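Before any comments, here is the structure.
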Amino acid sequence: MRAIVIDKPGGPEVMTWREVPDPLPERGEVIIDVVASAVNRADALQRQGLYDPPPGASPYPGMECSGVVGAVGPDVEGFAPGDRVCALLTGGGYAEKVAVPWQQVMRVPEGVDLVEAAGLPEVACTVWSNVFMTARLRKGETLLVHGGASGIGTMAIQLAKAFGSRVVVTAGSPEKIDRCLELGADEGVDYRREDFAERVKADVILDIMGGKYLPGNIKVLRTGGRLVVIGLQGGVKGELNLGALLAKRASVYGTTLRSRPVDEKGVIVRGVVDNVWPLIDAGAIRPVVHARVPMSDAAEAHRILESGEHIGKILLVS
């Protein structure tokens with residue numbers, strides 16, 4: 001098969017599309033013939049040498065894909081060759097084939113294009129696990145989403161609205177805010193022009209920025225609020241006012257998805273299939289795709305990602 005190989009850390013140009021050995025299904029694994037993958041920030045960090053794959057994971061980037069089951073190993077439950085699927089990966093999505101534990105595989109929702117389905121697993125699992133499983137967002141509460149125009153942000157808006165919550169987003173341009181409002185957000189803050197901490201009150205915050213936004217996030221939390229930090233684009237360190245945190249009886253969570261054990265990922269995937277897929281089947285939620293790029297030109301897809309101009313997901317098509 002062919003895959004995107006990173007020979008050394010660096011810019012997008014260090015990624016090359018070339019022949020590598022085919023994966024073989026081990027016990028409990030499915031081989032997916034990849035139709036498409038999607039670009040995530042973690043892929044760019046891996047390319048830069050800042051986020052190595054966990055031990056035993058594929059060395060190739062790509063944390064989600066869609067395609068057709070090509071083979072199954074022993075002890076696989078519920079999947080057979082020919083099934084149209086998408087999957088949450090620990091790595092290896094930038095390739096023509098990938099091996100993945102069956103617990104992380106999902107059938108493609110009804111009415112979703114097989115290519116577009118590649119943009120669903122990572123965002124759906126991230127939002128479901130963090131906003132609903134960890135932060136326990138409830139109907140009538142307000143969710144603040146930083147980076148509302150990102151792939152995760154566009155999913156968080158739609159899913160929170162579908163469950164009856166109010167949604168406020170931050171984004172970096174009027175165009176992005178308008179797109180978030182079209183997806184259902186109730187209010188948008190242009191972080192280049194305004195301080196979100198002066199305008200917003202929230203029960204739950206989904207944060208991709210980390211240290212830079214920590215003081216502001218604590219300020220806007222309501223009593224009993226929950227802050228979930230899933231990214232560090234704004235740095236790894238920030239000042240935490242413990243007095244404010246105690247006074248508000250608030251909670252701060254830090255989570256990652258990639259390094260979790262298969263069993264934990266399986267619980268998240270089942271939650272997505274049970275709670276998110278029916279909303280997609282009903283047309284209440286849809287994948288938001290900014291661009292489709294040939295997988296062999298993954299470098300261009302990374303340039304689009306790092307420009308910060310995209311809205312929604314960037315897909316890599318085999």
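Here the structure is a predicted model, which means the values were calculated and not measured. Each residue takes its place number in the sequence, starting with 1.
Between the side chains of N40 and K313, a donor-acceptor pair is found at a separation under 3.5 Å. At a cut-off of 3.5 Å, with distance as the only test, no side-chain donor of N130 or Y253 sits close to an acceptor on the other residue. A donor-acceptor contact under 3.5 angstrom links the side chains of R18 and T16, judged on distance only. Side-chain contact of R41 with Q46: a donor-acceptor pair under 3.5 Å is absent, judged by distance alone. Between the side chains of K265 and T90, at least one donor N or O sits under 3.5 Å from an acceptor N or O.
Between R199 and E187 there is a salt bridge, since at least one side-chain N of the basic residue sits less than 4.0 Å from a carboxylate O of the acidic one. Checked for salt-bridge contact, R138 and D203 miss the test: no charged N lies under 4.0 Å from a carboxylate O. Ion pairing between E141 and R222 fails under the 4.0 Å rule for side-chain N and carboxylate O. With salt bridges taken as basic N to acidic carboxylate O contacts below 4.0 Å, none links D22 and K97. Taking a cutoff of 4.0 Å between a charged side-chain nitrogen and a carboxylate oxygen, E309 and K176 do not qualify as a salt bridge.
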task = Under the side chain to side chain contact (heavy atoms under 4.5 Å, CB included) rule, what do W277 and M106 come out as? Steps first, then yes or no, please.
result = CA-CA 10 Å; W277 262 214; M106 299 165 273; 3.8 Å; yes
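Relative to the ring axis of Y51, R258 places its NZ or CZ within 45° and under 6.0 Å from the centre.
Counting heavy atoms of neighbouring residues, nucleotides and ligands inside a 6.0 Å radius, atom CD of E182 exceeds 12 of them. More than 12 non-hydrogen atoms from other residues, nucleotides or ligands lie less than 6.0 angstrom from CD of Q233. More than 12 heavy atoms of other residues, nucleotides or ligands sit less than 6.0 Å from atom CD of E264. Within a 6.0 Å radius of CD in E26, other residues, nucleotides and ligands contribute 12 heavy atoms or fewer. Annotation for K201: atom NZ counts as buried by contact number, over 12 foreign heavy atoms lying within 6.0 Å. The 12-atom threshold is not exceeded at CG of L24, counting heavy atoms of other residues, nucleotides or ligands nearer than 6.0 Å. At most 12 non-hydrogen atoms from other residues, nucleotides or ligands lie less than 6.0 angstrom from NZ of K212.
Taking OG of S173 as the start and CZ of R179 as the end, the distance is 12.5 Å to the nearest 0.5 Å. Rounding to the nearest 0.5 Å places NZ of K139 at 11.5 Å from CZ of F163. The distance from atom CG of L245 to atom OG of S251, rounded to the nearest 0.5 Å, is 7.0 Å.
Residues L89 and C65 form a side-chain contact, since some pair of their non-hydrogen atoms from C-beta on lies under 4.5 Å apart. Side-chain contact between Y60 and I4 is absent, with no heavy-atom pair separated by less than 4.5 Å. At a threshold of 4.5 Å between non-hydrogen side-chain atoms, the residues V39 and Y94 count as touching. T255 is not listed as a side-chain neighbour of S129, based on a closest heavy-atom distance of 4.5 Å or more. Under the 4.5 Å side-chain criterion, counting only non-hydrogen atoms from C-beta, E19 is not in contact with M1.
Summarising the geometry of E122 relative to M63, their closest heavy-atom pair is OE1-O, 3.6 Å, with the distance given to 0.1 Å.
Remark: the backbone N or O of V35 is not paired with any side-chain donor or acceptor of S66 at under 3.5 angstrom.
Y213 and H146 have perpendicular rings, their planes meeting at more than 60° on a 0 to 90° scale where under 30° would count as parallel.
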